[in-house]
Amino acid sequence: MLSRKIPLGEAPSHVIPTYASRGLSGPVPRLELPEQGMEPAVAYQLIHDELALDANPALNLATFVTTYMDPAADDLMAETMNKNAIDWDEYPQTVALQDRCVNMLSRLFNSAEAHDADAVGTATVGSSEAIHLAGLAMKFRWRAARRSGGLPCDRPNLVMGGNVQVCWEKFARYFDVEPRYVPLTPSRFVIGVSEAMALVDENTIGVVGILGSTYTGEYEPIADLCAALDALCDARGWDVPVHVDAASGGFVAPFLQPELLWDFRLPRVHSINVSGHKYGLVYPGVGWVIWRSAADLPQELIFEVDYLGGSHANFGLNFSRGASQIVGQYYNFVRLGRDGYKQIMMALAETAHWLAAALAQLPGVDVVAAGDDLPVVCFRLADDIGFDVFALSDRLRLRGWVVPAYRMAADAESVAVLRVVVREGLSRDMAECLLADMTEAVHHLMTTTTMTATAAAATATASTAVPVAAAGRVPVAKSEPKTKAVC
Ligand SMILES: *Cc1c(COP(=O)(O)O)cnc(C)c1O
């Protein structure tokens with residue numbers, strides 16, 4: 001028998017069962033860099049086990065971000081994990097793939113000017129970096145125009161719906177731009193055109209239109225925003241550009257609603273961002289920003305960097321970054337083509353429609369968005385159902401499903417919803433499993449909250465018996481609502 005006096009680490013390795021080895025039988029290093037390391041297999045097991053506490057990505061219906069890629073893409077991305085995309089001289093072919101992606105996206109978004117010239121745009125870490133770059137371009141362009149007119153340029157503002165993703169709030173704060181939010185209403189969850197126009201003035205660097213609100217998946221009325229800005233330009237002379245935040249919709253609308261005018265076909269749209277890691281179907285770590293033309297990207301934002309033996313134009317907040325996501329994006333483009341993306345998006349939309357219709361049959365469920373724009377299903381619960389969306393979200397979590405519950409943005413906070421993002425990986429079969437669990441959860445909560453209400457009524461009225469129906473149902477305690485939709 002192994003004496004406990006002999007430290008496990010010194011015992012001959014063949015007699016140490018995996019979980020009795022030093023790394024796994026004691027506490028793990030949490031705060032201090034440990035003096036000594038451990039065997040790779042032990043470190044692997046340790047971390048692997050801890051990560052099992054995370055949600056299962058395949059059941060995470062909160063995220064828009066890709067959790068499944070082809071096995072061939074997995075191979076390709078693993079092969080390129082050790083390349084830094086910024087080493088242009090060393091990895092010129094990686095740069096070439098990035099440029100091809102920028103050109104393909106620019107053409108997908110109908111940039112007329114891309115057809116005879118290289119498209120203007122860059123890969124980013126995600127839509128957030130893309131949005132910061134697009135925001136800076138708008139700010140610099142506005143400032144240059146003001147300066148050339150001899151006008152003050154110290155109070156730029158940006159007009160957008162209260163439903164913008166948090167990265168827009170960050171952009172405004174980090175880069176000193178006054179955010180002007182169009183308030184939502186309990187029945188309008190996206191920007192209102194006339195409400196937006198009321199906030200525009202000579203200091204407005206741009207208006208944001210979202211192609212696929214993170215809250216409900218609805219598309220904002222981009223063409224209407226552009227038309228209203230055209231009219232404002234005629235009336236007041238304010239030539240305000242539109243940036244389209246197409247983080248999700250940029251890979252959905254071109255395939256499902258090709259007639260919808262939202263992109264560079266609208267002359268007022270100057271720049272577009274899209275997340276490669278959302279419906280672009282790449283694992284997290286890639287986004288894109290595309291400008292209509294070189295004139296929309298002020299030269300002063302571009303750095304000529306001399307690095308490792310070459311000089312290259314660079315525009316980005318980041319420097320080093322992994323090459324594999326860019327490679328994964330190009331893989332998807334050539335592997336799927338327009339046709340492949342279209343088939344996938346059609347399948348997702350079909351699943352979303354099916355799920356929305358099925359959920360609408362459940363008692364007390366009111367579908368807010370049925371997957372008509374993004375393949376996203378968003379629903380609320382009747383006020384008198386006796387429990388709230390947060391309780392339903394918690395109950396679904398018992399089965400491993402992550403279906404976030406949250407309140408709408410400013411001035412529509414009275415509306416709380418649940419949202420299912422239908423992504424590649426959520427097959428019809430899995431959607432049926434989700435529906436079965438959702439049905440069970442709704443019935444369970446209805447029964448238990450009715451029982452609680454009955455018991456509460458019985459205690460409250462000691463003398464007269466209160467009929468169950470009259471007691472009604474009391475809402476269960478609300479868990480802390482999240483303020484932002486997860487994405
Ligand atoms: C996800 C999302 C973002 C942020 O994008 P990341 O790629 O996660 O940085 C911005 N806007 C919208 C509309 C989004 O859905």
Side-chain angles (χ1 to χ4, degrees), residues 57 60-67 101 105 109 121-136 138 158-174 179 181-182 184 189-191 206-222 225 242-253 262-263 269 271-290 316-318 321-322 325-326 328-329 348 369 371 373-378 404 406 408-409 417 419-423 482-487:
N60 178 3
L61 306 179
T63 185
F64 283 93
V65 173
T66 301
T67 55
C101 290
L105 283 168
F109 299 159
T122 186
T124 59
V125 175
S127 277
S128 301
E129 187 191 3
I131 280 166
H132 286 205
L133 298 179
L136 282 169
M138 289 193 283
L158 180 69
V159 174
M160 52 199 158
N163 53 315
V164 285
Q165 210 264 358
V166 67
C167 64
W168 286 102
E169 297 172 44
K170 280 191 186 173
F171 166 74
R173 197 179 303 170
Y174 293 175
Y181 300 112
V182 176
L184 309 185
F189 305 131
V190 295
I191 200 168
V207 173
V208 179
I210 309 171
L211 201 74
S213 171
T214 48
Y215 287 84
T216 57
E218 288 168 89
Y219 292 164
E220 295 200 319
I222 316 275
L225 280 174
V242 166
H243 172 87
V244 182
D245 177 357
S248 295
F251 279 112
V252 179
W262 66 273
D263 56 17
V269 172
S271 46
I272 298 173
N273 69 275
V274 65
S275 293
H277 53 217
K278 290 185 176 176
Y279 289 103
L281 309 176
V282 184
Y283 296 133
V286 65
W288 303 92
V289 55
I290 310 287
L317 301 180
N318 260 75
R321 59 160 304 183
Q325 282 82 3
I326 294 168
Q329 186 76 80
L348 299 183
D373 289 334
L374 293 182
V376 164
V377 181
C378 181
Y406 51 91
M408 293 291 190
V417 293
R419 185 191 69 191
V420 173
V421 176
V422 178
R423 279 186 287 106
K482 298 183 179 74
T483 53
K484 278 283 164 195
V486 189
C487 37

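Please read these numbers as outputs of a predicted model, since none were measured by experiment. In what follows, residues are counted from 1 in the order of the sequence shown. Whatever order the structure lists them in is the order used to number ligands and atoms, beginning at 1. Side chains included, hydrogens not; waters and symmetry mates left out as well; all remaining heavy atoms used.
A heavy-atom separation below 4.0 Å is found between G212 and ligand 1. Using a non-hydrogen distance threshold of 4.0 Å, K278 registers as a contact of ligand 1.
What you find for T216 and A369 is that their closest heavy atoms are O-CB, 3.1 Å.
For ligand 1, the atoms lying closer than 4.0 Å to a non-hydrogen atom of T214 are 12 (C), 13 (C), 14 (C), 15 (O). With ligand atoms numbered from 1 in the order given, ligand 1 contributes 7 (O), 9 (O) to contacts under 4.0 Å with heavy atoms of G126. Ligand 1 places these atoms under 4.0 Å from at least one heavy atom of S275: 5 (O), 6 (P), 7 (O).
Counting heavy atoms closer than 4.0 Å to ligand 1, residue V164 contributes nothing at all. Only side-chain heavy atoms of A247 come within less than 4.0 Å of ligand 1; its backbone N, CA, C and O stay farther off. When non-hydrogen atoms are compared, ligand 1 lies under 4.0 Å from the backbone of S128 as well as from its side chain. Contacts of H277 with ligand 1, taken as heavy-atom pairs under 4.0 Å, involve the side chain alone.
The structure places CD1 of I290 at 9.5 Å from SG of C101, a figure rounded to the nearest 0.5 Å.
A ring pair (Phe, Tyr, Trp, His ring centres under 6.0 Å) with H243 is found for one member of W262, W168, F171 and no other, namely W168.
Between Q165 and ligand 1, not a single N/O pair is under 3.5 Å apart. Backbone and side-chain nitrogen or oxygen atoms of D245 are examined, and one is located within less than 3.5 angstrom of a nitrogen or oxygen of ligand 1.
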Given R423 and T67, is the side-chain hydrogen bond (donor to acceptor under 3.5 Å, both in side chains) satisfied, shown in steps? CA-CA 8 Å; R423 279 186 287 106; T67 55; 2.6 Å; yes
Start with the C-alpha gap between E220 and N163, add the side-chain angles, then the distance that decides, and say whether side-chain hydrogen bond (donor to acceptor under 3.5 Å, both in side chains) holds. CA-CA 10 Å; E220 295 200 319; N163 53 315; 3.0 Å; yes
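Two residues are said to be in side-chain contact when any heavy atoms from C-beta on lie closer than 4.5 Å; V182 and V159 meet this criterion.
Looking only at atom types and distance, the side chain of E129 has no donor-acceptor partner in the side chain of N273 under 3.5 Å away.
Taking the ring centroids of W288 and H277, they lie at or beyond the 6.0 Å cut-off.
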